[in-house]
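What follows is a single structure, written as structure tokens, with notes after it.
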There are 2 protein chains.
Amino acid sequence: MMTKYNTVKQAIKSKILDGSYLPNEKISSESELMKEFGVSRHTVRLAIGDMVTEGWLYREQGSGTFCADRTEIDQTISNNSKDIAIITTYISDYIFPSIIRGAEEILSKNGYNVSLFSTNNNHETEKNVLEKILSQNFDGVIVEPTKSAISNPNINYYLNLESQNIPYIMINADYDALEPLSITMDDEKGGFIQTEHLISLGHKNIIGFFKTDDIQGKKRMKGYLKAHRTNQVPINPNNLVSYSTHEKASKTVDELKKLLAKSNGDKPTAIACYNDELAIELLDVLREKNLNVPGDISLVGYDDSFLAKVSEVKLTTVEHPKSVIGQTAAKVILDLIKEKSGNQKKSLDQVKSVVFEPKLVVRNSSKKLNP
Amino acid sequence: MMTKYNTVKQAIKSKILDGSYLPNEKISSESELMKEFGVSRHTVRLAIGDMVTEGWLYREQGSGTFCADRTEIDQTISNNSKDIAIITTYISDYIFPSIIRGAEEILSKNGYNVSLFSTNNNHETEKNVLEKILSQNFDGVIVEPTKSAISNPNINYYLNLESQNIPYIMINADYDALEPLSITMDDEKGGFIQTEHLISLGHKNIIGFFKTDDIQGKKRMKGYLKAHRTNQVPINPNNLVSYSTHEKASKTVDELKKLLAKSNGDKPTAIACYNDELAIELLDVLREKNLNVPGDISLVGYDDSFLAKVSEVKLTTVEHPKSVIGQTAAKVILDLIKEKSGNQKKSLDQVKSVVFEPKLVVRNSSKKLNP
DNA sequence: ATAAATTTGTGCGTATGTATC
DNA sequence: GGATACATACGCACAAATTTA
């Protein structure tokens, strides 16, 4: 039996198959089809609705109904679940859980599953993870780059994401060569206000500890130096200590002990730390040496993590947007996905990278230098 | 945005997933659904129509609408990607990142993706998460129960996991009625050794703070009481404070202040805490009151989290196997999956629940009572 | 065995909301 | 801002298939 909406379906299908409607071409509007076939709008919508679920057409509110490009259908069929991958260097440490949580919150609200991968800050693992993601059907990827300051051997995999049309964005840092969309904070400015805070308190002999195998550390260090120059405070090269991930446990503690053992005139009166984690570690060393914080020495952390509020001396530190970064990353990746499936041209330039401004959080670990 | 027909869809989906509608069972007629949801027939038909094309339901003219048998669909789709879901109460807080990391490590080594879900310790969210997992193809599920001490309204969903032949295990706690495989620690014994440690140091007036909306807290409290009885130390009922998740911020601090304000003879000399997080919070209160730990009062935590080593007084606490629990859970779920696909009979009884023994970690927050 | 009631299928008219151009 | 197009929602009528009295 031929129902009216089936007649309409057949007629539209014919036009598609004989080439009257080309892929991505707009077909007649619903009211036009009403007149054309002498049926009600309800019937037209029944026909079109069926053909949309069958993959012949797609609709765009406010614009029209279009003929689908059936050559690409194979890619869309396989995946009816919505999945986002998040790659971070570490899963369980420090501020990463907060970032992940922020992203998970937004993504799950929008019906996406979140799959987690960690690289352990290791390029080889990053490679394995990227291969895994490329061989499955993820709708988007959020990446925290591994060792972002070092040239990355896995750039091909990221380019491959692009050619497979899988949107990805980077958080905290980015890989220079790729220029991806990224959600970061202004780490240089963060390092700057961190150090300038100490300078404004009268400190002139400030140790800076920075991890320099990721971009964040390099930028924070740059800010540290800039604060000195801007305020015309001479820099003692011995006061600048850079370390890499695998050295953090030992080198920083050793260097601090060395610097503390100096003769009186040169003694440092303040320390700027790459992050709170390090600050807390160094705080233990200072306690051991019977140095009071902030009485004898001021200490400024970075990230405003839970660690900043946990010790007896609450840390002065720089705010890190943590879960907001996660949330923002989630929103941006959702925009990218939406944009991909919708109309391409107009909105492409509207999704932009985001840079958060750092803010100083003053607590009890820093104070005015005693003259 | 929630449209009316989407609300109806969700409600019907829930009834299918929680077992209210069994496969091939007739669901309410269109006119019944109209009354039930207070919507028009058009809306009901939109919802049902969608779910028919999605494979949840099928219709028979003159007879009714029926629940589809989804057990046979899954096999034909044959997902070749390997996915495990992990459900925890919180993602970013405290010891959970370590647990998740332990599981992720093992699972990713075995080629599985890990998808994360958090319930925020909320049964409603747990329900949504379980519905999501049931409507996709996960190979296994690791669950940290939400409010395990309270009867759980989502038991149907867990039973549905079983009928869909999806293995699941629970960590940290379990739901009494289900008797699932579980990876836990002996929390009663943990509470026991925690308190007995204080008793052995001569303390007799020991406050106990326990969160009692999960099983762990109830067991730890039981251990606290048992330690008193075993050592014939009388229990002052005022010294036992139980609180629930939503009270933790305020009630514990208030109660401690109240107990500290007592007359001299009754003054508590030690505190046993549900976990390190609470211990650190209380430590702040004690500092405020100018009480020295452990000089004036001893403090014992639980979990041996990073928090235990971060303050100036390193906490005496009870070891929690954190990442080992995650790893073990991963191994067990892999065994269950292997068993499911391989030979069934022989090995069924070889996969067993695991209970870890607690161990006391003595640091500086507890010491012998001054006579 | 037949008629009545129930349930889904098809179709029309109308109104309001929202996105796009 | 206004016109156009799709999205959601309500109400009504009749047809076809099935169940039930």
Side-chain angles (χ1 to χ4, degrees), chain A residues 1-13 15-16 21 24-68 110-111 334-335 337-351, chain B residues 1-12 15-16 21 24-68:
Chain A
M1 184 210 44
M2 216 45 174
T3 60
K4 285 199 183 180
Y5 77 81
N6 258 311
T7 315
V8 176
K9 271 177 74 173
Q10 269 319 117
I12 297 174
K13 211 178 277 185
K15 286 202 175 184
I16 295 173
Y21 289 143
N24 298 316
E25 188 184 336
K26 185 174 176 305
I27 74 166
S28 314
S29 75
E30 291 178 355
S31 49
E32 282 166 345
L33 290 169
M34 283 167 68
K35 283 177 205 159
E36 211 170 304
F37 294 98
V39 295
S40 73
R41 177 140 181 258
H42 180 82
T43 306
V44 169
R45 281 187 65 76
L46 259 183
I48 292 178
D50 266 24
M51 295 184 71
V52 167
T53 56
E54 286 166 19
W56 293 90
L57 303 171
Y58 62 94
R59 297 193 265 208
E60 276 178 20
Q61 188 173 351
S63 175
T65 304
F66 301 82
C67 180
N110 283 275
L334 289 176
D335 283 347
I337 292 166
K338 207 173 170 188
E339 184 182 274
K340 188 182 114 187
S341 58
N343 50 332
Q344 290 92 344
K345 280 188 182 170
K346 189 65 176 291
S347 48
L348 240 168
D349 297 35
Q350 293 175 348
V351 182
Chain B
M1 184 206 44
M2 214 46 178
T3 59
K4 286 198 180 180
Y5 76 81
N6 257 311
T7 316
V8 176
K9 270 177 73 173
Q10 272 314 118
I12 296 174
K15 287 204 173 181
I16 295 173
Y21 289 144
N24 300 315
E25 188 185 336
K26 185 174 175 305
I27 74 166
S28 312
S29 74
E30 292 176 357
S31 51
E32 281 168 344
L33 291 169
M34 284 167 67
K35 282 178 209 158
E36 209 169 302
F37 294 100
V39 296
S40 70
R41 178 149 177 248
H42 180 82
T43 305
V44 169
R45 282 188 64 75
L46 252 185
I48 291 178
D50 266 25
M51 295 184 72
V52 168
T53 57
E54 285 168 19
W56 292 90
L57 303 171
Y58 60 92
R59 298 194 266 208
E60 278 178 16
Q61 187 174 356
S63 174
T65 305
F66 301 83
C67 180

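Chain identifiers are assigned alphabetically (A, B, ...) following the order of the sequence lines, protein sequences preceding nucleic acid strands; residue numbering begins at 1 within each chain. The structure presented is a predicted model; accordingly, all values stated were derived computationally and were not measured.
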Which residue lies more 5' along DNA chain C, comparing A/Gly62 with A/Thr43 via nearest heavy atoms: A/Thr43

Distance col, row A/Thr53:OG1 vs A/Ile48:CD1, nearest 0.5 angstrom, shows 12.0 Å

How many whole angstroms separate atom [atom1] of [X] from atom [atom2] of [N]?
| X | N | atom1 | atom2 | result |
| --- | --- | --- | --- | --- |
| A/Asn6 | D/dA16 | CG | P | 15 Å |
| B/Lys9 | D/dT8 | NZ | P | 10 Å |
| A/Arg45 | D/dA9 | CZ | P | 11 Å |
| B/Leu46 | D/dT8 | CG | P | 8 Å |
| A/Ile48 | D/dT8 | CD1 | P | 14 Å |
| A/Tyr58 | D/dA5 | OH | C1' | 15 Å |
| B/Glu30 | D/dG11 | CD | P | 15 Å |
| B/Lys26 | D/dA17 | NZ | C1' | 14 Å |

Any side-chain heavy atom of A/Ile27 sitting closer than 4.5 Å to one from A/Lys15? no

Could you list the residues that satisfy side-chain hydrogen bond (donor to acceptor under 3.5 Å, both in side chains) with A/Tyr21, not counting sequence neighbours? A/Ser28

Heavy-atom contacts under 4.0 Å between residues 31-42 of chain A and DNA chain D, which residues? A/Arg41

Answer yes or no: does a side-chain N or O of [X] lie under 4.0 Å from OP1 or OP2 of [N]?
| X | N | result |
| --- | --- | --- |
| B/Tyr5 | D/dT8 | yes |
| A/Thr65 | D/dC6 | yes |
| B/Lys4 | D/dA7 | no |

List, one per line, each side-chain donor-acceptor pair under 3.5 Å for residues 54-67 of chain B, sequence neighbours excluded.
unit_1  : atom_1 : unit_2  : atom_2 : d
B/Glu54 : OE2    : B/Lys9  : NZ     : 3.1
B/Tyr58 : OH     : B/Asn24 : OD1    : 3.1

Per-helix bend value, the helix from C/dT2-D/dA21 to C/dC21-D/dG2, C1' rotation axes over five pairs per end, 10° rounding, shows 10°

Ignoring hydrogens and angles, does a donor from either the side chain of A/Gln61 or the base of D/dA5 sit under 3.5 Å from an acceptor on the other? no

Which donor-acceptor pairs under 3.5 Å do the side chains of residues 32-45 of chain A make with protein atoms, sequence neighbours left out?
unit_1  : atom_1 : unit_2  : atom_2 : d
A/Glu32 : OE1    : A/Ser29 : N      : 2.8
A/Ser40 : OG     : A/His42 : N      : 3.4
A/Ser40 : OG     : A/Thr43 : N      : 3.3
A/Ser40 : OG     : A/Thr43 : OG1    : 3.2
A/Arg41 : NE     : A/Glu30 : OE1    : 2.5
A/Arg41 : NH2    : A/Glu30 : OE1    : 2.7
A/Arg45 : NH1    : A/Glu30 : OE2    : 2.7

